[in-house]
Amino acid sequence: MDSTVVVIDFETTGLSPDEGARATEIAAVVLDRGRVVARYQSLMNAGVHVPRFIEELTGITNAMVREAPPAKEVMAAFARFVGDLPLVAHNASFDRKFLDAELARIRQRRRQEVACSMRVARRLYPDAPNHKLGTLVDYAGVRVTGRHHRALADAEMAAGLWTRMEEDLLRAYRLRQVPHELMCRLQTVRRDGLADFMEGYKRRCGP
DNA sequence: TGCCAGGCCCTCTTTAGGGCCTT
């Protein structure tokens, strides 16, 4: 189960929990050997106003949030769902800070690292027009599963992108498998040093 | 109601600046 990860995505009222932004929706998909085998998704009511811009961006309205279960219940269920499995998110620094902030409100702490699909994509696809999730989904031929900026659709498409990147690594470097640890280490490799890194990896670890 | 940040990476770099990406 070395390759099993949970791909997560938050929709929020803004860009930073330090500035008062809260989560409005969260989703997680369990990705096992390239297949989504479990899903979790919920809107959540954190008792905050959703700005008009965010309503238009996400389609998540104040009325939808008012009728959603309390954030503390959603986050507790989310924490049970993901357990200790390693996490993946697109632009992980964003989702990580909201995850940590929302968990702290229910007196829980994250127990695993969050790998970043955007950072890996920047290594693997330096010629993509840009590295937004929507652009990479088109560029890599990932199936569009729903509306962008809704948590479950974005988590599923990020999972599809993660799978495609594993496949491209397998093809390009003739590996038998792509351990999650390798995907994490790719994040810290300079973009122009990927080929050298992979050759070194194969020598140390075998194909 | 309207507006907001921060980590990462690249390069014309490292005594820094600016673009990208997330909502």
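Lettering of chains follows the sequences in order, A, B, ..., and the numbering in each one begins at 1. Quick note: numbers below take in every heavy atom, side chains included, and nothing from hydrogens, waters or symmetry partners. Every value quoted in this text rests on a predicted model; they were computed, and no experiment measured them.
- Put simply, CZ on Phe94(A) is 18 Å from P on dC20(B), counting in whole angstrom units.
- Look at the P atom in both dC21(B) and dG2(B): the space between them is 28 Å, to the nearest Å.
- Separating the NE2 atom of His49(A) from the P atom of dT1(B) is a distance of 6 Å, rounded to the nearest angstrom.
- Between the P atoms of dT1(B) and dT22(B), the separation comes to 28 Å (whole Å).
- Using a 4.0 Å heavy-atom criterion, one finds that Glu11(A) contacts the sugar-phosphate atoms exclusively.
- Residue contacts shown for Phe53(A) include a base, since a base heavy atom lies under 4.0 Å away.
- A distance of about 15 Å separates the P atoms of dC12(B) and dG18(B), rounded to the whole Å.
- OP1 and OP2 of dT1(B) both lie 4.0 Å or more from every side-chain N or O belonging to Arg52(A).
- Between His131(A) and dC20(B) there is no side-chain N or O to OP1 or OP2 distance below 4.0 Å.
- Lys132(A) has its NZ atom 19 Å from the P atom of dC9(B), to the nearest Å.
- Between Arg150(A) and the options Glu25(A), Glu156(A), Glu11(A), a salt bridge (Lys or Arg N to Asp or Glu O under 4.0 Å) holds for only Glu25(A).
- Comparing dC9(B), dC10(B), dC21(B) by their nearest atom to the side chain of Met118(A) picks out dC21(B).
- Listed nucleotides dT23(B), dC21(B), dT1(B) differ in distance to Asn130(A); the shortest reach to its side chain belongs to dC21(B).
- Glu102(A) places no side-chain N or O within donor-acceptor distance of the main-chain N or O of Ala71(A), the cut-off being under 3.5 Å.
- Checked for salt-bridge contact, Arg203(A) and Glu199(A) miss the test: no charged N lies under 4.0 Å from a carboxylate O.
- Residue Thr13(A) is the one, among Thr13(A) and Val189(A), whose nearest nucleotide of DNA chain B lies closer to the 5' end (criterion: closest heavy atom).
- Side-chain contact check for Tyr139(A) and Asp127(A): no donor-acceptor pair (N or O, by modelled atom type) lies under 3.5 Å.
- No engagement by Asp192(A) is indicated, since no non-hydrogen atom pair under 4.0 Å with the nucleic acid exists.
- At the heavy-atom level, Glu55(A) lies nowhere under 4.0 Å from the strands shown.
- Picking from dT23(B), dC10(B), dC8(B) the nucleotide with the shortest atom distance to the side chain of Leu57(A) gives dT23(B).
- The side chain of Arg190(A) has dT11(B) as its nearest neighbour among dG6(B), dT23(B), dT11(B).
- The side chain of Lys97(A) has dG6(B) as its nearest neighbour among dG6(B), dC21(B), dC10(B).
- Distance from the side chain of Arg123(A) is smallest to dC9(B) among dC10(B), dC9(B), dC21(B).
- Atom C1' of dT15(B) sits at a distance of 25 Å from the matching atom of dC20(B), rounded to the whole Å.
- For the P atom pair drawn from dG17(B) and dT13(B), the interatomic distance equals 13 Å after rounding to whole Å.
- In this structure, CZ of Arg22(A) is placed 23 Å from P of dT22(B), rounded to the nearest angstrom.
- Computed from coordinates, the Ile54(A) CD1 to dC4(B) C1' distance equals 11 Å when rounded to whole Å.
- In this structure, a donor-acceptor pair under 3.5 Å is absent between the side chains of His149(A) and Thr58(A).
- Atom CG of Asp95(A) is separated from atom P of dG6(B) by 17 Å (rounded to the nearest Å).
- Both Asp9(A) and Ser93(A) lie close to DNA chain B; mapped to their nearest nucleotides by heavy-atom distance, the more 5′-ward contact belongs to Ser93(A).
- When the side-chain nitrogen and oxygen atoms of His149(A) are compared with OP1 and OP2 of dT23(B), one or more of them lie within a distance under 4.0 Å.
- Atom CG of Leu186(A) and atom P of dC9(B) are 12 Å apart (whole Å).
- Atom CZ of residue Phe53(A) and atom OG1 of residue Thr13(A) lie 12.0 Å apart, to the nearest 0.5 angstrom.
- When distances run from any side-chain atom of Arg119(A) to the nucleotides dC9(B), dT23(B), dT22(B), the shortest one goes to dC9(B).
- dT14(B) and dC10(B): their C1' atoms are spaced 13 Å apart (whole Å).
- Considering only the side chain of Ser16(A), dA5(B) comes nearest among dT23(B), dA5(B), dT22(B).
- Atoms CG (Asn91(A)) and C1' (dC9(B)) sit 12 Å apart, rounded to a whole Å.
- As rounded to the nearest Å, dG7(B) and dC3(B) have P atoms that lie 24 Å from one another.
- Checking side-chain atoms of Thr12(A) against main-chain N and O of Ala21(A) turns up no donor-acceptor pair under 3.5 Å.
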